[in-house]
Amino acid sequence: NLLGFTKQSISFPPDMPTVKPVTLDDLNEFASSRGGWLGDWSKLRFFHWVNPATTLTNWGDIKYTDLKALYEAALHHTTDIRSHGNSLASALGAAEAGSFLEPIKEIMESLRVEMPPERHECW
């Protein structure tokens, strides 16, 4: 059954490994624009753009523009991802004032929070 919520199943289930559930660091490693990012470039692995609590009518356009800029920066011929351990986050963290990556770093810095949000028990 699917996660214990339904009696549905698949006809030919794949041979799947056991998955060990763990808590993810959602403040630095797996952060989002809504949950808050504490700004540790060395730990950032994944960043998810989430609609803000109060969503502007043009937020989709802003998100698209920001993501396009990130992709262009990552793929630009002057961006040396390899020297930063194949991490765009590491390259952005090291970006200096006036560099090609600085405007992209500023986009990410604008999503940084000073303190983590208050946590509530969810189950």
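Quick note: numbers below take in every heavy atom, side chains included, and nothing from hydrogens, waters or symmetry partners.
Residues Phe30 and Trp41 fall into different hydrophobic clusters, defined by Ile, Leu, Val, Met, Phe, Trp and Tyr side chains chained together at heavy-atom separations under 4.5 Å. Grouping the Ile, Leu, Val, Met, Phe, Trp and Tyr side chains by contacts below 4.5 angstrom, directly or via other members, places Trp49 with Leu92. Using a 4.5 Å cut-off between side-chain heavy atoms of Ile, Leu, Val, Met, Phe, Trp and Tyr, with links allowed through other members, Val50 and Ile62 fall into different hydrophobic clusters. In this structure, Leu38 is not a member of the same hydrophobic cluster as Phe47, with clusters built from ILVMFWY side-chain heavy atoms closer than 4.5 Å. Leu27 and Val113 fall within a single hydrophobic cluster, where Ile, Leu, Val, Met, Phe, Trp and Tyr are joined by side-chain heavy atoms under 4.5 Å apart, directly or via other members.
In this structure, Ser99 and Thr78 have side chains that are not in contact, with every pair of non-hydrogen atoms separated by 4.5 Å or more. Inter-residue side-chain proximity for Leu44 and Asn28 is flagged as unmet; no heavy-atom pair is nearer than 4.5 Å.
Salt bridge Glu102/Lys105: absent, no basic N to carboxylate O contact under 4.0 Å.
Put simply, the side chain of Thr79 gets close to the backbone of Ala73: a donor and an acceptor are under 3.5 Å apart. Checked by atom type and distance alone, the side chain of Arg45 never pairs as donor or acceptor with a backbone atom of Glu29 at under 3.5 Å.
Going from atom CG of Asn58 over to atom NZ of Lys63 covers 14.0 Å, rounded to the nearest 0.5 Å. With rounding to the nearest 0.5 angstrom, the CD1 atom of Ile104 is 12.5 Å from the CD atom of Glu109. Atom CG of Asn51 sits about 11.0 Å away from atom OG of Ser32, to the nearest 0.5 Å. Between the OG atom in Ser42 and the NE2 atom in His84 there is a gap of 13.5 Å [rounded to 0.5 Å].
When all heavy atoms are compared, the tightest approach of Gly36 to Ala31 is O-CB, 3.9 Å. Summarising the geometry of Ile107 relative to Ala69, their closest heavy-atom pair is CD1-CB, 4.4 Å, with the distance given to 0.1 Å.
Counting heavy atoms of neighbouring residues, nucleotides and ligands inside a 6.0 Å radius, atom OH of Tyr64 does not exceed 12 of them.
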_From CA spacing to verdict: side-chain contact (heavy atoms from CB on, under 4.5 Å), Lys43, Asp25_ = CA-CA 9 Å; Lys43 292 182 179 179; Asp25 172 6; 4.3 Å; yes
